[in-house]
Amino acid sequence: MGAIPAQRETVTRASGVPAHARGCPETRTTLPGSPLSPGSARTLVRTTLTDWAASGIPGTEHLTDRLVDDAVVAVSELVTNAVVHAGTDVELTCRLEEDTGALVVEVLDHHPSRAPRDAEIEAPYETPEYGRGLRLVSRLAESWGVTYRTGAKIVWARLPAEDPIAARDDIEAYAEERALERGLRVAEILAPEPQRAERDRDWLNRGALSFLAEASDLLAGQLDENLVAALAGQLIVPRLADWCAVWLEDEMAGRWGYPRSGDAEGGGGWAADVVAGTGPRLARVWHGSENLIEELRCALEKEPPHPADSHRTGPVPYPWPGEALGARGAQGTALAYRLIAGGRPLGTLVIGRADLVRFPDEVTGLVEDLSRRVALAIGAARQYARQATISRVLQRGLLPGAVAEIPGVASALVYEPYDKGGPSGDFYDLFPAGDGRWCFAIGDVQGKGPEAAVVIGIARPWLRLLAREGYRVADVLDRLNQLLLDDATEAADAAARALVGPVPPGDGPQTRFLSLLYGELTPVDGGIRCTLASAGHPLPLLLGAGGEVHTAAHPQTLLGVVEDATYTSETFELRSGETLLCVTDGVTERRSGSRQFDDGDGLATALAGCAGLNAQLIAERIRRLVHEFSGRPPEDDLALLVLQAE
C-alpha cells in the first residue's frame, strides 16, 4: 500500500506493505453497494490485468494466469464483504508493483464497522469486528489488513508473484482446478467438508454470498437447460456433496406425474404412487469419481423423484443408492430439492454424500439458495426456447416456401434478419399470378417483433390474392393501403397484448407503416415487360447492359399512412442482360460512423461495378459490400432481390 496519512489507523495481519513505485500500472473505479458489484469487479480486474499483460509494461511479465485468478478471487471477496457490511458505494483500486510483480488490491467503503482509535491494534482473525470473513483472502495474500480513517475503511491485500498456496496440502484440489471456470475456483474454498468445526460453518455463512454470486455469473445467460444442469453439477460436486443429479420435467403440472392426494408416505417426503405419465428425465449425473457415474445413473433412473409437495423447494430425504456406489459408499445421506420458477415445477436437484448421517444446515441452506438460481436459469432457458420456436414458426409463415422461377428471368435473393431469434420486419415474395404474369414484392414494416409479423401476415396473402384476381399494380397498392388502415392497427395491438402483456395506460393502438416495392413481370418478344410502384420504399435501380445505372420508379407515400391515397405505377422493358435491383433500407442505411452506404449514390456505384455479372454474383457482391462497409455487424434486417433478363 501507499504511505498512510497520520490521521489513519491501520489494523493488519502482517506488516511491511511496500509503497508502490511511481508510474506503476494502476486502475481505480467506483461501484455501487449492490449485489451486482462483486461480478462487475471481477470482470473489471480480469480485463484490466489481461490488458496489462499484453502491454509489455515493466513488471507485467509477472502477471501469470495464477496471479490473475487469485486477484479476481480476492477482489470478489473484498467487494462482497464491503457490500454486505457497509452497503455504500465501494472504491476499488488495483496496482502492480514493478520491482516485485506483486499485486495490491484495495477496497474502500464509507461505513466502517468500528470507529478509528488512537493506536494500532492487532486482533485474531476470528474476531468478526476485524475479520469480515476474509479467510479466503488470507490464504491467497502474502499480507492483508484494514486501514481506518474518518468516515471510511480500506481493506487491502498484497498478492505475491509467487504462488503462496501451491505447496499446501489442505487446498491441493483448489490448485488442481485452477483452469476451471472462475466461479468454480471460489466454490472450492468456500464449501467446507461436513466434518469441519463450528468456526468453518460460520465462515461458510459469511462466504455464501460470494459463492452464490459466482454461481449466478455462471448460470446467467445460459440458453440451454441441459447446460444449466451440467453447470449445477460442477458447482456442487465435490465442493458440497459427493454426487449430484438433476431431473427435468415438463412445465405442465401433471403431465409427467404428480402424486395423488393422500398417497404421500409418512415422513419420507415421497409419494407412494403417482398419476400415470412418462416420468421426469434424468438430465445430468455427477460424481466425484468418474468411474461411478454410469452405475449411479442406472440406479437413479430406477428411482425418479416423486415429491409429495411439488411446490416445496426445501430439502427432503431421498433414498440412498448404496449398491451403485460400492463398499465405500454403502451408507450416506441424500437430499432432494424441487426446482421451481414462476410457480411452476421444472425438475428436481438431488445431492448425496457418503458416510454422513445428515447434512449440516449451512450446506442445505446454501444448496437451497443455489437450487433457486438453477431453477431460474432453467426457466429462462425454456422461455428462450419457446420464443425461438414461435419465431421460427412465424418466420416460416411470413416468407414464401420457394421463389418462383420466371421464364426468361434469372433471380437471386439475399435475406438476413437482424434478430435470428425473432420475426423480421423485412419480407419478400415472387409468385405466379396467372395469365402469363409473375409478381414480386419486397417490403419493410415499421418496427419488429409480433406487431410487424401481424402486418406482414396481412400484407403478403392480400398481395397474392389481389394479384391473382387481376388487379393492376397501382390498384393493389390502393387496396392494401386501405386494408392496413382498417385492420392492421387493431390486429397488431391484439397481438402485442397477447404476447407481451397489457398496453400501459395512455399507450393506445399504433399504426404500423409499411414500405413496399411491388411489381409485375410479363414475358414479351425481346425481353420482359415490368410494371412496378414504390410506396415509401428505397427506389429500385436498373443496371443496363453497358454498366449505366438509373432509378426505375418514383417515390410515393408509405402504405398505412394516408386515407384514400392513390398510387401510380411505371412500365418499362427489361432487355437481355439488364438487371433490376430491389433492396430494403437495411442496405441503403447501413451505417459506418456518420456515413450511410447509399450516401453519394453509393448503392448505384456499387451496382455499376457489377456490370457483366449474373444475378447470383450481383446479389453476393452487393451483400459483401454492405457487410464490409462497416466493421460492426449490421443493425437492421437486410434483404435484396435481383431480377435479370436472360
Problem - salt bridge (charged side-chain N to carboxylate O under 4.0 Å, His left out) evaluation trace for R590 with D636 - result: CA-CA 8 Å; R590 168 81 157 125; D636 195 3; over 6 Å; no
Just how far is it from atom [atom1] of [X] to atom [atom2] of [Y], taken to the nearest 0.5 Å?
X	Y	atom1	atom2	value
E303	W247	CD	CH2	8.5 Å
I154	T93	CD1	OG1	7.5 Å
S371	L366	OG	CG	10.0 Å
Q234	L218	CD	CG	8.0 Å
L248	N226	CG	CG	6.5 Å
L159	H62	CG	NE2	14.5 Å

Least distance between heavy atoms, [X] atom then [Y] atom:
X	Y	result
A375	L346	O-CD1, 3.5 Å
A161	T100	CB-O, 3.7 Å
G314	Y337	C-CD2, 4.2 Å
P160	L67	O-CD1, 3.4 Å
C244	L349	SG-CD1, 3.3 Å
R373	S216	NE-OG, 3.0 Å

Kindly indicate whether the side chain of [X], heavy atoms from C-beta on, has any atom under 4.5 Å from the side chain of [Y].
X	Y	result
W286	I351	no
L219	V228	yes
P321	L300	yes
S55	T60	yes
E91	V107	no
L370	L235	yes
S143	W156	yes

Exercise for the section: Measure up the W320 and W243 rings against each other and bin them: parallel (under 30°), tilted (30 to 60°), perpendicular (over 60°). Expected result: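 Rings of W320 and W243: tilted, as their planes differ by 30° to 60°.
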Practice task
Please identify each residue that fulfils salt bridge (charged side-chain N to carboxylate O under 4.0 Å, His left out) with E368, with sequence neighbours left out.
Solution key: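 Checked E368 against salt bridge (charged side-chain N to carboxylate O under 4.0 Å, His left out); matches are R372.
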Exercise for the section: Given side-chain contact (heavy atoms from CB on, under 4.5 Å), test C94 with T48 step by step and report yes or no. Expected result: CA-CA 9 Å; C94 180; T48 298; over 6 Å; no
Practice task
Report, as yes or no, whether the 6.0 Å neighbourhood of atom CD on Q331 holds more than 12 heavy atoms from other residues, nucleotides or ligands.
Solution key: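 It does not: Q331 CD has 12 such atoms or fewer within range.
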So, does [X] use its side chain to make a donor-acceptor pair with the main chain of [Y] at under 3.5 Å?
X	Y	answer
T364	D361	yes
E77	V73	no
T88	H110	yes
T80	P38	no

Problem - T333 vs Y318, side-chain contact (heavy atoms from CB on, under 4.5 Å): CA-CA, chis, key distance, verdict - result: CA-CA 8 Å; T333 297; Y318 179 86; over 6 Å; no
Practice task
Would you sort out whether L335 and V316 count as a side-chain contact (heavy atoms from CB on, under 4.5 Å), showing the intermediate values?
Solution key: CA-CA 5 Å; L335 296 175; V316 295; over 6 Å; no
Sequence neighbours left out, what passes side-chain contact (heavy atoms from CB on, under 4.5 Å) with [X]? Give chain and number order.
X	result
L292	H287, S289
E301	L282, R297
A41	L31, V75, V79, L92

Problem - Within residues 219-229 or reaching into it, pairs that qualify as salt bridge (charged side-chain N to carboxylate O under 4.0 Å, His left out) - sequence neighbours excluded - result: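 Only E225-R281, E225-R382 qualify under salt bridge (charged side-chain N to carboxylate O under 4.0 Å, His left out).
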Exercise for the section: Could you please spell out the steps behind the side chain to side chain donor-acceptor pair (under 3.5 Å) verdict for T348 and R338? Expected result: CA-CA 5 Å; T348 304; R338 290 294 281 159; 2.7 Å; yes
Problem - Ionic contact status for D242 with R353, cut-off 4.0 Å - result: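 Yes, this pair counts.
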Practice task
Would you mind checking if E97 and R95 are paired as a salt bridge, meaning a charged N to carboxylate O distance below 4.0 Å?
Solution key: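 Here R95 does not pair with E97 in a salt bridge, since their nearest N and O are not under 4.0 Å apart.
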Problem - Derivation of the side chain to side chain donor-acceptor pair (under 3.5 Å) call for R42 and S76 - result: CA-CA 6 Å; R42 291 190 295 269; S76 179; 2.8 Å; yes
Exercise for the section: Starting from the C-alpha separation in whole Å, work towards a yes-or-no answer on side-chain contact (heavy atoms from CB on, under 4.5 Å) for L339 and V246. Expected result: CA-CA 9 Å; L339 301 175; V246 178; 4.2 Å; yes
Distance-only criterion, 3.5 Å: show the donor-acceptor pairs between side-chain atoms of residues 625-634 and protein atoms not counting sequence neighbours.
residue	atom	partner	partner atom	Å
H627	NE2	E416	OE1	2.7
H627	NE2	R623	NH1	3.4
S630	OG	R591	O	3.4
S630	OG	R632	N	3.2

